[in-house]
Protein chains: 4
Amino acid sequence: MMWTMSAAPTLAERRKQELRQGIIDSAFECFAAQGYHATGIADIATRLGIGHGTFYRYFANKRDIVEHVVDEVIAKIIAALSADNAPEVPDTIADYRAQVERIGDALARILTDDPRLPRMVLEAPGIDPQMSAKILGFYDLARRLTERYLAHGVETGYLREGLDVEATSHAIIGMIVATMLSAVQQPEAQHQRRLAAAIQSLMFEGITHEH
Amino acid sequence: MMWTMSAAPTLAERRKQELRQGIIDSAFECFAAQGYHATGIADIATRLGIGHGTFYRYFANKRDIVEHVVDEVIAKIIAALSADNAPEVPDTIADYRAQVERIGDALARILTDDPRLPRMVLEAPGIDPQMSAKILGFYDLARRLTERYLAHGVETGYLREGLDVEATSHAIIGMIVATMLSAVQQPEAQHQRRLAAAIQSLMFEGITHEH
Amino acid sequence: MMWTMSAAPTLAERRKQELRQGIIDSAFECFAAQGYHATGIADIATRLGIGHGTFYRYFANKRDIVEHVVDEVIAKIIAALSADNAPEVPDTIADYRAQVERIGDALARILTDDPRLPRMVLEAPGIDPQMSAKILGFYDLARRLTERYLAHGVETGYLREGLDVEATSHAIIGMIVATMLSAVQQPEAQHQRRLAAAIQSLMFEGITHEH
Amino acid sequence: MMWTMSAAPTLAERRKQELRQGIIDSAFECFAAQGYHATGIADIATRLGIGHGTFYRYFANKRDIVEHVVDEVIAKIIAALSADNAPEVPDTIADYRAQVERIGDALARILTDDPRLPRMVLEAPGIDPQMSAKILGFYDLARRLTERYLAHGVETGYLREGLDVEATSHAIIGMIVATMLSAVQQPEAQHQRRLAAAIQSLMFEGITHEH
DNA sequence: CATGAATGAGCCTTCATTCAT
DNA sequence: TATGAATGAAGGCTCATTCAT
């Protein structure tokens, strides 16, 4: 139909989109506050002031909504992890370090901004095996991205030859996970920044005396 | 009959202990396979071939059993993390590196041995807030232990002066978490060993060229 | 449509009230027929032809419904006991005797009408200590009312000076209880009326020859 | 068999009888303290210090024991109601009044002695319809006894001609029930005695001025 | 005979989902 | 389209009863 052409969302359609997003937000808040299993569809609807029957006009079931909520959480974190380093691939050690710093800052910012994000990621694997797989998939996505950067660094020569890029990428992701874990309990910006700095140091200098 | 007084648990008592442990194991298997919430008491009992009423002779409720299961999992991991480094506190960089290696090996061994261990740790925080707190507490316990070692290293002089021991301990624990996460999907011994080696390298040399 | 604002309960609302009352009635019948403990929520629901989940939309739990059932039973009996003697306080022995007669008639009428009422009162104390207390409280309420009337009679002079109004009120309530007890097995109106007459005789003449 | 002849209960047999009685007593205490439904077989056995399996060597099931407990309670009350008036049937108004007094005293004594007796009678009808019938049967037994005495009084001439002996017996039993009801809450001897006196007064003089 | 471990029927209650209004 | 009343599958838990030791 002609009038459906991209640029012209009906008023009704926009409202629909807004309500849909509202449900996702409400669900996020409920899940973050009480956990997935302790949250009822009625809770999500009530918090939003809609009837809980309405929920099912926008999402197929409880599992469906949590899928969307987690996807959104992951998307936000991925955005923080990737947005700032998109422009160009670093070609010197300084560039790379700067990029790691930018990522650390972005992560610190987003985690400090909303500590429920890491909490969600922490608790999501308990929902069911599939959700667990999704979270692990998210970790792996981030890890593969990291691995590519490391590989590029080795190829380009600013990272150590012989570096086990795959294994090291796991370790680096682990440190990012640590950042998220600690954000659950200590979301203060300063703490996050210290953690980011320590990770940087560890990566670029190790913990020993500079040799 | 002449019983040796002290260490003589009745046959019945031994059976009781065995059944109790059997229930814990069965529960562990169910939780690992289907997740806490999808597991019914009946599942645990049936898998063991006992009536589900029997379960309640040994554990107060579903929450009680998962507590025991998780405690056992944590105990195993803590044992791996701490047993080998108990003897003496490292006083040289070589000692410390050796200890880190031993821990890595022990961890690799136990995770390879039973990949459901890390899966359980991964999924436990989704059970409820208290369990979440317990897991975070476990992480924090390990972290504080690491922090003490780092502090000792700095004091003794074999670690860099000015090292942010607290933040760094978070990062190191993150890498241990990474080990566990990867063990869920790649429990092969070789992979675990590579990961342990990479962590060591990262800690003691960083990822850059040795300067 | 021109609704008269105030007393216009929606159709839905009226249905709701009706269903609620239906559940109370159904529960009353079940409890009366099988006793509280032998009655399952499913019985109450099935007898009414509704799903047993529906029950919980109207009452919090099994205890809640029996509370309502008993309250209703008590209310009916209290109404019988008090409605007819409300108008004015009797000031002569004839007035008082007439009032006692009215109460007796009203009680006979209601007990004959539904013999499950006294049965419920009889069995309620076995539900739990709180219910027991409620029933005893109901007896005591009636007793204190009776006591007030006796005291008024003594003050006014148409009852014997020196009458132990408190103890006598207990005795009179006991005779009302007897009426209820016998109604369980002999609900026929005639029997009830004879009993009421005998109680009157006992109160006003004793069992001996008029002296 | 010869040696079974009445007078020679084996030691073992006596022990058995004692344990049996012990179980009844223990059950009575449990039922009185927590109610029938809240009492488990295990409670009864534990209070007595025996294994709960042993219970079933003496009583068929939970229903069986409560039957015995209630029977014993009823027997005690019947004894109080009938023991003292057994010797001879009263033939004058004074004799009868004296007898009523003796009964009242005996009742007061036993209720004051153990207020759990009336409580048991009060709560027993809630156990199940059969128990309810038993209690009603007990009331009726006492009532018929009373009725016989009243009839004798009328025949003999010391009670009013035309007295509705059946209905009046209901009323009198009601007052005895009142005594039991009030004993649940006020077991003090003095209160019981006042109540007995009031009942006597009511029976023999009515509540009005002596005419 | 005493014991208590084992059992499973049975019940209350929750809540995701459906559907008539 | 929004609603919320109705539903019943599902599951945790209790406890009377049995029976091997």
Side-chain angles (χ1 to χ4, degrees), chain A residues 12 15-16 19 37-46 48-66, chain B residues 10-13 15-16 19-20 23 37-46 48-65, chain C residues 10-13 15-16 19-20 23 37-46 48-65, chain D residues 12 15-16 19 37-46 48-66:
Chain A
R15 271 217 221 288
K16 200 163 175 174
L19 181 47
H37 285 102
T39 296
I41 297 298
D43 296 324
I44 297 172
T46 301
L48 204 58
I50 63 172
H52 64 274
T54 308
F55 171 92
Y56 286 91
R57 305 203 138 275
Y58 292 83
F59 297 94
N61 51 42
K62 195 180 174 184
R63 191 49 221 278
D64 188 20
I65 184 73
V66 77
Chain B
T10 321
L11 173 67
E13 232 158 49
R15 269 214 222 290
K16 206 165 173 171
L19 181 47
R20 191 185 156 82
I23 293 174
H37 286 102
T39 297
I41 297 299
D43 297 325
I44 298 172
T46 302
L48 205 56
I50 62 172
H52 67 275
T54 305
F55 171 89
Y56 288 94
R57 291 186 53 77
Y58 292 84
F59 297 93
N61 49 44
K62 195 179 172 184
R63 192 47 221 277
D64 190 21
I65 183 70
Chain C
T10 321
L11 173 68
E13 234 159 48
R15 267 214 224 290
K16 205 164 172 172
L19 181 47
R20 189 185 156 84
I23 293 174
H37 285 103
T39 297
I41 297 300
D43 298 324
I44 299 171
T46 303
L48 205 57
I50 63 173
H52 66 273
T54 306
F55 171 90
Y56 288 94
R57 291 185 55 76
Y58 291 84
F59 298 94
N61 49 43
K62 196 179 171 184
R63 191 50 220 278
D64 190 22
I65 184 72
Chain D
R15 271 217 220 289
K16 199 164 175 173
L19 182 47
H37 285 102
T39 296
I41 297 299
D43 296 325
I44 298 171
T46 301
L48 204 58
I50 63 171
H52 64 275
T54 307
F55 171 91
Y56 286 91
R57 306 204 136 274
Y58 292 83
F59 297 94
N61 51 39
K62 194 180 173 184
R63 191 47 221 277
D64 189 21
I65 183 71
V66 77

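Each chain gets a letter, A, B and so on, in the order the sequences are listed, and its residues count up from 1.
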Euclidean distance, atom [atom1] of residue [X] to atom [atom2] of [N] [Å, nearest integer]:
X	N	atom1	atom2	value
C:Ile44	E:dT13	CD1	P	11 Å
C:Arg63	E:dT13	CZ	P	12 Å
C:Tyr56	E:dT13	OH	P	4 Å
D:Lys62	F:dT14	NZ	P	15 Å
B:Asn61	F:dG11	CG	P	17 Å
A:Phe59	E:dT18	CZ	C1'	19 Å
B:Ile65	F:dC13	CD1	P	12 Å
D:Asp43	F:dT14	CG	P	13 Å

For C:His37 and for A:Gly40, find the nucleotide of DNA chain E with the closest heavy atom, then tell me which residue's nucleotide is more 5'.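 On the 5' side of the pair lies C:His37.
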Specify the angle, to 10°, made by the local axes at the two ends of the helix from E:dA2-F:dT21 to E:dT21-F:dA2 when five pairs are taken at each end. 0°
Measuring from atom NZ of A:Lys62 to atom CD1 of A:Ile41, what distance do you get when rounded to the nearest 0.5 angstrom?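 A:Lys62 NZ to A:Ile41 CD1: 6.5 Å, rounded to 0.5 Å.
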Nearest 0.5 Å, please: how far is CG in B:Leu48 from CG in B:Asp43?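 B:Asp43 CG to B:Leu48 CG: 12.5 Å, rounded to 0.5 Å.
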Enumerate, atom names and distances included, each donor-acceptor pair closer than 3.5 Å involving a side-chain atom of residues 54-61 of chain B, sequence neighbours excluded.
from    : atom 1 : to      : atom 2 : distance (Å)
B:Thr54 : OG1    : B:Gly51 : O      : 3.3
B:Asn61 : OD1    : B:Arg63 : N      : 3.2
B:Asn61 : OD1    : B:Asp64 : N      : 2.8

Could you run through nucleotides 1-8 of chain E and give me one letter per nucleotide, 5' to 3': B if any protein heavy atom sits under 4.0 Å from the base, S if only the sugar-phosphate is that close, - if neither? SBBBBBBB
Give a yes or no on this: more than 12 heavy atoms of other residues, nucleotides or ligands lie within 6.0 Å of atom CZ of C:Arg20.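 More than 12 heavy atoms, drawn from other residues, nucleotides or ligands, come within 6.0 Å of this atom.
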Grab the two heavy atoms, one from A:Ala45 and one from A:His52, that are nearest each other, plus how far apart they are.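 It is CB-CA, 3.4 Å.
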I'd like to check A:Thr39 versus A:Val66 (side-chain heavy atoms, cut-off strictly below 4.5 Å). Are they in contact? no
Counting any heavy atom closer than 4.0 Å, what does A:Thr39 reach on the DNA or RNA strands: base, sugar-phosphate only, or nothing? sugar-phosphate
